[in-house]
Number of protein chains: 2
Amino acid sequence: MNRAEILVIDDEVQIRKLLQITLQSNDYAVKEAATAKEGTIMAANHPPDLIVLDLGLPDENGHEVLKKLREWYTNPVIILSVQNSEEDIIKALDNGANDYLVKPFRTGELLARIRSSLRSTNGEESIPVIKCRDLIIDLSARTVKKNSEFVKLTSTEYNLLSLLARNEGKVLTHHYLLREIWGPGFINQSQYLRVFTAQLRKKLENDPNRPEYIVTEAGVGYRFVARE
Amino acid sequence: MNRAEILVIDDEVQIRKLLQITLQSNDYAVKEAATAKEGTIMAANHPPDLIVLDLGLPDENGHEVLKKLREWYTNPVIILSVQNSEEDIIKALDNGANDYLVKPFRTGELLARIRSSLRSTNGEESIPVIKCRDLIIDLSARTVKKNSEFVKLTSTEYNLLSLLARNEGKVLTHHYLLREIWGPGFINQSQYLRVFTAQLRKKLENDPNRPEYIVTEAGVGYRFVARE
DNA sequence: CGGCTTCTATAAAGATTTTATAAAGACAGG
DNA sequence: CCTGTCTTTATAAAATCTTTATAGAAGCCG
């Protein structure tokens with residue numbers, strides 16, 4: 001089951017409609033933007049798992065948009081463009097694009113390239129299931145079990161837990177957590193983190209007053225601990 | 001700084017020569033194989049950082065070769081093929097290829113796609129860990145172990161230790177330490193340093209009265225010592 | 001040597017910042 | 001118009017940092 005979120009930034013309404021239908025029927029959650037400005041704002045407000053970016057946007061140069069995105073956005077970006085010149089392709093790829101498709105494109109190929117790109121970022125972990133003591137986090141199914149019972153988590157709670165668990169042992173700073181989950185415009189909202197970690201601890205920890213999984217690193221951030 | 005190793009598996013000698021020259025002049029180490037069999041053996045004997053694989057090999061179906069490679073090989077694979085059919089492209093990408101180029105290809109584009117593919121795996125290169133005697137400082141996880149046990153440090157304590165350890169052997173002046181950790185307005189607060197080094201010694205040194213790690217350089221500053 | 005000064009180590013009290021948590025308000029989707 | 005979720009506010013508790021106090025060590029000089 002996918003449910004990966006894809007942001008399509010393209011000014012042609014036909015393309016957006018086509019992608020909307022194609023992607024949705026392949027079980028992706030789709031968001032759309034018609035301009036560079038709108039797209040970057042949407043990406044910043046809620047970072048998607050992948051961005052499909054048209055280079056020929058009306059309000060800004062596509063290469064510049066890509067560069068600005070790449071200053072903080074780490075997930076895959078696939079470029080769509082009518083430009084078939086080698087120069088454009090190289091420029092885009094070197095600016096951080098993961099792939100480049102020339103319009104008109106074949107939807108099946110685009111889907112395959114999306115799968116490939118998503119695979120490479122998900123693949124890093126290579127552990128689709130994280131187990132530790134009485135917790136089981138299934139990253140592919142997006143489910144969490146405690147003592148063999150499913151725990152109901154909201155989307156944001158799960159995102160936070162998953163990010164922490166995938167970086168087990170590492171301290172993740174407030175700054176980093178906020179940027180990854182809420183987007184770069186939220187890096188000062190440390191209170192969000194406190195609220196959601198408290199929520200997670202209430203659901204996951206044996207004694208929420210003395211947390212064992214999600215450890216506070218005062219003044220810095222939080223850390224997920226798997227071992228005893 | 002490149003020196004990434006690339007294995008080219010292609011039966012056409014002209015392509016191999018072209019790639020050999022192109023890749024080598026871009027500072028990659030190149031190995032060649034003319035058949036599927038030869039290629040898989042070479043990859044197994046010494047896994048390269050990236051594989052360029054021709055789908056049209058004489059001795060075995062390219063898709064099968066890719067599938068078998070992917071059972072164990074996790075680095076990027078870029079497909080070269082004369083086949084431009086959507087079916088082939090989708091099949092290859094879903095079998096684990098990271099990219100697919102149709103022959104004849106543009107060498108500049110291939111190079112850019114190689115860079116893009118390598119970029120995504122290189123993500124975490126250097127793992128900065130400082131080890132000395134019974135101390136382990138993990139700079140990426142922001143954790144400190146003494147005798148394999150985690151030591152709980154406050155944010156400022158860690159910052160000070162990390163700064164000293166990263167400059168192992170050098171004397172860091174009061175002035176410098178204060179400016180780096182507290183900021184330029186604190187360069188006269190030498191007392192801060194005394195308080196925090198005392199704190200660190202209490203937590204890290206075997207005998208805090210005769211410190212071995214954090215050595216005082218009277219009138220000047222402090223020095224971190226790793227050796228016996 | 002002994003008095004003086006400067007620098008250092010350490011504990012502990014006080015001040016400040018950071019965190020945990022509940023709960024109320026806002027908002028979107030069905 | 002509910003319902004579940006996210007955002008915001010308020011406040012107590014905990015952790016950390018800053019400041020003060022005191023004592024020891026080291027160097028200098030008559």
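Quick note on labels: first sequence line is chain A, next is B, and so on, each numbered from 1. Values below: every heavy atom of this structure, side chains too, minus hydrogens, waters and symmetry copies.
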| remark: Note: A:Asp49 and A:Asn75 closest approach over all heavy atoms is O-CB, 3.2 Å

| request: For a side-chain contact (heavy atoms from CB on, under 4.5 Å) with A:Leu53, tell me which candidate from A:Val8, A:Thr40, A:Ile79 qualifies. | output: A:Ile79

| What pairs with A:His63 under side chain to side chain contact (heavy atoms under 4.5 Å, CB included), at least two apart in sequence or on another chain? | A:Leu55, A:Asn61, A:Asp88, A:Lys91, A:Ala92, A:Asn95

| By side chain to side chain contact (heavy atoms under 4.5 Å, CB included) - contacts of B:Leu50 (at least two apart) | B:Ile6, B:Val52, B:Pro76, B:Ile78, B:Ile114, B:Ser117, B:Leu118

| query | Starting at CD of B:Gln199 and ending at P of D:dC17, how long is that distance when rounded to a whole Å? | reply | 9 Å

| Pairs touching residues 66-79 of chain A that satisfy salt bridge (Lys or Arg N to Asp or Glu O under 4.0 Å), sequence neighbours left out | A:Glu60-A:Lys68, A:Glu64-A:Lys67

| field | Which atom of A:Ile137 lies closest to which atom of A:Phe224, heavy atoms considered | value | CD1-CZ, 4.4 Å

| note | ring pair (Phe, Tyr, Trp, His ring centres under 6.0 Å) filter on A:Tyr73, not counting sequence neighbours, yields none

| query | Is B:Gln191 touching bases, backbone alone, or none of the nucleic acid, heavy atoms closer than 4.0 Å? | reply | base

What's touching nucleotides 23-29 of chain D from the protein side, N or O pairs under 3.5 Å?
none

| message | At a heavy-atom distance below 4.0 Å, which nucleotide of DNA chain C is the first touched by chain B, and which is the last? | response | C:dC7 to C:dA11

| request: Measure the CD1-CG distance between A:Ile181 and A:Leu193 for me, rounded to the nearest 0.5 Å. | output: 7.0 Å

| note | In whole angstroms, the gap separating P of D:dC6 from OH of A:Tyr192 amounts to 11 Å

| note | In terms of heavy-atom contacts, A:Leu93 and B:Glu109 come closest through CD1-O, 4.4 Å

Would you tabulate the side-chain donor-acceptor contacts of residues 162-172 of chain B under 3.5 Å, counting partners in other chains and residues two or more places apart, or write 'none'?
from: B:Ser162; atom 1: OG; to: B:Arg166; atom 2: NE; distance (Å): 3.0
from: B:Ser162; atom 1: OG; to: B:Arg166; atom 2: NH2; distance (Å): 3.0
from: B:Arg166; atom 1: NE; to: B:Ser162; atom 2: O; distance (Å): 3.1
from: B:Asn167; atom 1: ND2; to: B:Leu163; atom 2: O; distance (Å): 2.8
from: B:Glu168; atom 1: OE2; to: B:Ala226; atom 2: N; distance (Å): 3.3

| query | Rounded to whole angstroms, how far apart are CG on A:Leu193 and C1' on D:dT8? | reply | 15 Å

| salt bridge (Lys or Arg N to Asp or Glu O under 4.0 Å) contacts in which one or both residues fall within residues 190-203 of chain B, not counting sequence neighbours | B:Glu157-B:Lys203

| message | Just the rounded figure in Å: distance from P of D:dT9 to CZ of A:Arg194. | response | 14 Å

| remark: Hits for side-chain hydrogen bond (donor to acceptor under 3.5 Å, both in side chains) against B:Asp134, two or more places apart or cross-chain, chain-then-number order -> B:Lys146, B:Tyr213

| message | Counting only heavy atoms and a strict 4.0 angstrom limit, can you tell me which residues of residues 153-188 of chain B come near DNA chain D? | response | B:Thr154, B:Thr156, B:Trp182

Pairs under 3.5 angstrom only: tabulate donor-acceptor contacts from the side chains of residues 14-25 of chain A to other protein residues two or more places apart or in another chain.
from: A:Arg16; atom 1: NE; to: A:Glu32; atom 2: OE1; distance (Å): 3.2
from: A:Arg16; atom 1: NH1; to: A:Asp10; atom 2: O; distance (Å): 2.9
from: A:Arg16; atom 1: NH1; to: A:Asp11; atom 2: O; distance (Å): 3.4
from: A:Thr22; atom 1: OG1; to: A:Leu18; atom 2: O; distance (Å): 2.6
from: A:Ser25; atom 1: OG; to: A:Ile21; atom 2: O; distance (Å): 3.1
from: A:Ser25; atom 1: OG; to: A:Thr22; atom 2: O; distance (Å): 3.0

| query | the helix from C:dC1-D:dG30 to C:dG30-D:dC1: angle between its terminal axes, five pairs each, to 10°? | reply | 30°

